[in-house]
Amino acid sequence: MVLRLSTLFLRTLREDPAEAEVASHRLLVRAGYIRRAAPGIYSWLPLGLKVLGRVETIIREEMAAIGAQEVHFPALLPKEPYEVTNRWTEYGDGIFRLQDRKGADYLLAPTHEEMFTLLVKDLYNSYKDLPVSLYQIQNKYRDEARPRAGLLRGREFIMKDSYSFDIDDAGLERSYQLHRKAYLRIFERLGLEVIPVTATSGAMGGSKSEEFLHPTDIGEDTFVRSAGGYTANVEAVTTVVPPELDYSGAPAAEVLDTPDTPTIETLVNSANANAPREGEPWTAADTLKNVVLAAVLPTGGREIFVVGVPGDRTVDLKRMEATIGSHLEVGGEVAVEAATDEDLKKHPGLVKGYIGPGLSLGEPVIGLEGSTGLRYLVDPRIVSGTTWITGANQHGKHVFGLVAGRDFAWDGVIEAVEVREGDEAPDGSGPLQAARGIEMGHIFQLGRLYTEALGLKVLDANGKLATVTMGSYGVGVTRAVAALAEANHDDKGIIWPRNVAPADVHIVATGKGEEIFAAAEKLAGDLEAAGFDVMYDDRPKVSPGVKFGDAELIGVPTIVVVGRGLADGVIEVKDRRTGEAASVAVDEALEHLRTLLNG
Ligand code: ATP
Ligand code: MG
């Protein structure tokens with residue numbers, strides 16, 4: 001196919017779009033791939049659709065290779081299935097809801113677990129029908145709190161989502177591993193580096209889950225890796241728990257006056273000045289900091305709780321969000337935020353700056369019960385036998401030598417603090433290093449969460465009804481286009497990897513002579529006949545400078561210049577990435593390009 005720039009619906013722009021924060025967004029708009037319609041919502045222009053199509057083709061081929069079959073659901077869905085799984089409520093503000101003329105509720109689907117489950121339930125009833133994997137490439141809608149970076153976080157975006165259905169856990173593991181391999185192949189063919197990292201499954205529930213992160217400084221996800229090969233999303237990192245200590249010889253705790261010590265720093269200074277420790281000075285790590293937080297439930301409710309963490313660590317709300325739901329025994333996304341003054345007022349037992357676990361020295365007391373009745377969770381480093389300086393629940397007083405498990409207890413253990421560079425990897429493979437990435441894909445072993453809720457049962461080999469087990473697997477298709485542009489650009493424009501470029505060759509005809517356009521036209525035709533996609537800048541009366549500038553902006557990796565050299569029987573073949581140009585005899589051009597493009 002030949003795309004002629006004289007007729008192609010395209011206007012390249014000199015100016016960056018005002019709202020663009022990252023290079024891919026800027027360049028995709030300027031080079032005429034996409035246009036913004038509303039925040040986080042984009043229109044696709046002819047060039048954009050070419051790239052999108054190539055990305056989708058690679059995904060379809062790899063899905064077919066693992067036997068997954070394509071279907072297509074509507075994006076506009078009735079509320080009922082999402083009510084059964086409770087996600088109508090749990091999604092909170094995250095979804096777009098609407099009503100039809102009769103007042104019935106609908107949503108624009110953010111993901112399709114419910115519909116796939118119901119489809120399989122509709123048509124299949126025996127273990128002999130399984131396993132089956134179905135997928136679609138379809139628009140998703142999420143009312144993201146912060147749509148950003150163009151296609152990277154949209155409110156309408158394209159996802160490839162697949163779902164596997166198996167009769168047993170071993171089958172689910174097989175389906176999961178097939179998808180995992182397919183994903184690695186997809187990203188390899190796209191030319192996009194990804195690292196599979198262990199993840200938590202968040203609102204989806206279920207057990208095993210991995211994210212495919214593309215490492216880049218503009219990524220919103222922080223992940224960690226160790227030299228020994230451990231990789232995980234920070235939300236999924238588990239703390240290496242220190243051993244419990246024998247406290248039988250530990251001296252009794254004592255309450256000391258520590259006026260004006262509402263912060264860890266003032267407390268440590270005061271402790272070193274007034275109650276110095278022999279051998280080594282007190283540090284923040286010797287203190288137990290108690291932080292009052294609010295869990296915002298999917299129903300809109302608010303539960304105040306307290307976490308105890310070592311004073312040298314900061315609480316990480318996102319890490320807590322990954323598991324707080326299970327502590328509170330509520331499903332769906334629970335947000336965690338700092339308690340407000342209003343929250344604190346409702347609990348006068350909490351003495352700001354001097355909060356400690358429920359104090360009844362010599363006797364363990366569960367959490368803060370007795371003083372406030374609030375749920376008390378601790379960081380995994382607070383193990384039995386560890387000794388702390390902490391608030392005495394009285395203004396200007398702290399307790400020294402408070403022993404965990406002897407003097408206080410807790411309602412639960414939660415990953416509550418930030419993961420730091422240098423922390424040990426949970427698998428013993430060395431200290432962790434932090435990096436940033438964009439989530440390109442996510443695979444989950446959902447298990448029976450949705451099939452149970454929606455009643456997807458089939459007859460097993462013994463003729464008994466068994467609940468089907470399920471996996472769910474997503475790839476951000478439009479996000480992949482943006483990530484590819486982000487990973488492959490320079491100050492002049494995009495430099496597409498060959499597999500996804502909008503064309504295989506970009507021919508630029510420069511000059512006025514008719515013979516130039518005739519030669520370029522012939523080369524375009526020959527390449528087309530040889531099976532290549534050709535972009536041909538056949539615009540008359542456009543300066544060479546503008547044409548070159550557009551070619552560099554658009555980013556086809558091979559640029560052929562038919563111009564002045566033609567008088568000497570040569571054309572120029574330029575590599576967009578290196579800028580290197582080679583002179584090639586006109587009559588050898590087709591062969592030369594054939595070798596280059598197929599190589
Ligand atoms: P994120 O943490 O980035 O919001 P997610 O965990 O919500 O992603 P999933 O629900 O697992 O994502 O969706 C599957 C894939 O869809 C993601 O891996 C990502 O590539 C893509 N995706 C998710 N949200 C968006 C979005 N707002 N815009 C573009 N792509 C998205
Ligand atoms: Mg999301």
Side-chain angles (χ1 to χ4, degrees), residues 21-22 24-25 28 34 36 38-42 44 52 55-56 59 75 87 90-96 108-114 116 135-163 176 179-180 182-184 186-187 190 192 194-206 208-214 216 218-223 233-236 318-319 321-322 332-333 335 436-446 450 471-487:
E21 301 159 63
V22 295
S24 56
H25 184 191
L28 286 167
I34 56 169
R36 191 176 86 134
I41 304 179
Y42 290 84
W44 288 78
L52 192 59
V55 171
E56 292 182 358
I59 294 174
R87 291 211 286 186
E90 286 174 1
Y91 264 109
D93 288 337
I95 52 170
F96 290 96
L108 294 176
T111 168
H112 277 77
E113 279 74 10
E114 285 80 352
F116 277 80
Y135 79 97
Q136 62 177 346
I137 295 181
Q138 193 250 13
N139 277 352
K140 296 285 185 276
Y141 298 85
R142 296 182 183 179
D143 195 0
E144 298 278 358
R146 282 171 290 110
R148 78 179 269 280
L151 302 174
L152 284 175
R153 183 172 297 285
R155 296 197 296 164
E156 177 186 270
F157 59 95
I158 301 174
M159 195 200 288
K160 185 289 296 176
D161 46 326
S162 18
Y163 306 85
Y176 180 89
H179 271 89
R180 191 178 192 279
Y183 276 30
L184 290 173
I186 288 169
F187 293 116
L190 289 176
L192 193 69
V194 292
I195 303 177
V197 305
T198 309
T200 53
S201 28
M204 292 283 201
K208 190 161 161 183
S209 147
E210 285 165 284
E211 290 173 354
F212 293 76
L213 296 186
H214 168 62
T216 160
I218 63 151
E220 287 181 89
D221 291 30
T222 307
F223 69 102
N233 186 315
V234 281
E235 275 91 70
K318 272 192 91 180
R319 263 165 66 71
E321 282 171 355
E333 298 221 31
R436 295 188 79 76
I438 305 177
E439 182 189 319
M440 303 310 309
H442 200 166
I443 56 177
F444 292 94
Q445 292 197 4
L446 284 177
Y450 291 86
S472 150
Y473 318 88
V475 171
V477 181
T478 43
R479 182 177 281 187
V481 172
L484 282 164
E486 194 66 45

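When reading the values below, keep in mind they use all heavy atoms of this one structure, side chains included, and skip hydrogens, waters and symmetry mates. Keep in mind it's a predicted model, so treat the numbers as computed, not measured. All ligand and atom numbering here is 1-based and tracks the order in the structure.
Checked by distance only, ligand 1 and V475 stay at 3.5 Å or farther apart across all their nitrogen or oxygen atoms. Geometrically, ligand 1 and F444 share no nitrogen or oxygen pair separated by less than 3.5 Å. Polar contact with ligand 1: present for M440 (N/O pair, distance under 3.5 Å).
Close contacts between ligand 1 and H442 involve ligand atoms 11 (O), 18 (O) [criterion: under 4.0 Å to a heavy atom]. Of all atoms in ligand 1, numbered sequentially from 1 with element shown, those under 4.0 Å from a heavy atom of G441 are 18 (O). Listed by atom number, the atoms of ligand 1 under 4.0 Å from M159 heavy atoms are 13 (O), 14 (C), 16 (O). Near G154, with a cut-off below 4.0 Å to any heavy atom, the atoms of ligand 1 are 26 (C), 27 (N), 28 (N), 29 (C). With ligand atoms numbered from 1 in the order given, ligand 1 contributes 24 (N), 26 (C), 27 (N) to contacts under 4.0 Å with heavy atoms of E144. Per-residue contacts place L151 under 4.0 angstrom from the following atoms of ligand 1 (heavy atoms of the residue considered): 29 (C). Using a 4.0 Å cut-off to heavy atoms of L152, the atoms of ligand 1 that qualify are 28 (N), 29 (C).
Side-chain N or O atoms of R142 include one that pairs as donor or acceptor with a backbone N or O of P110 at under 3.5 Å. At least one donor-acceptor pair closer than 3.5 Å links the side chain of T478 to the backbone N or O of I158. Of the possible donor and acceptor atoms, none in the side chain of Y42 sits under 3.5 Å from a partner among the backbone N and O of E156. In this structure, the side chain of E210 does not engage the main chain of I443 through any donor-acceptor pair within 3.5 Å. The main-chain N or O of D221 is never found under 3.5 Å from a side-chain atom of R436 such that the two would form a donor-acceptor pair.
For atom 9 (P) of ligand 1, the choice among K140, H214, R142 with the nearest heavy atom turns out to be R142. Selection from E439, E220, R153 by nearest heavy atom to atom 3 (O) of ligand 1 gives R153.
To the nearest 0.5 Å, the span separating OH on Y176 from OG on S472 amounts to 11.0 Å.
A parallel orientation is assigned to the rings of H179 and Y473, their planes being inclined by less than 30° (bins at 30° and 60°).
Side-chain contact between I186 and F212: absent, with no pair of heavy atoms (C-beta onward) separated by less than 4.5 Å.
Salt bridge absent: E21 and R153 never bring a charged side-chain N and a carboxylate O closer than 4.0 Å.
Within the 4.0 Å heavy-atom criterion, neither part of I438 lies near ligand 1.
Residue contact check for ligand 1: D221 places no non-hydrogen atom closer than 4.0 Å to it.
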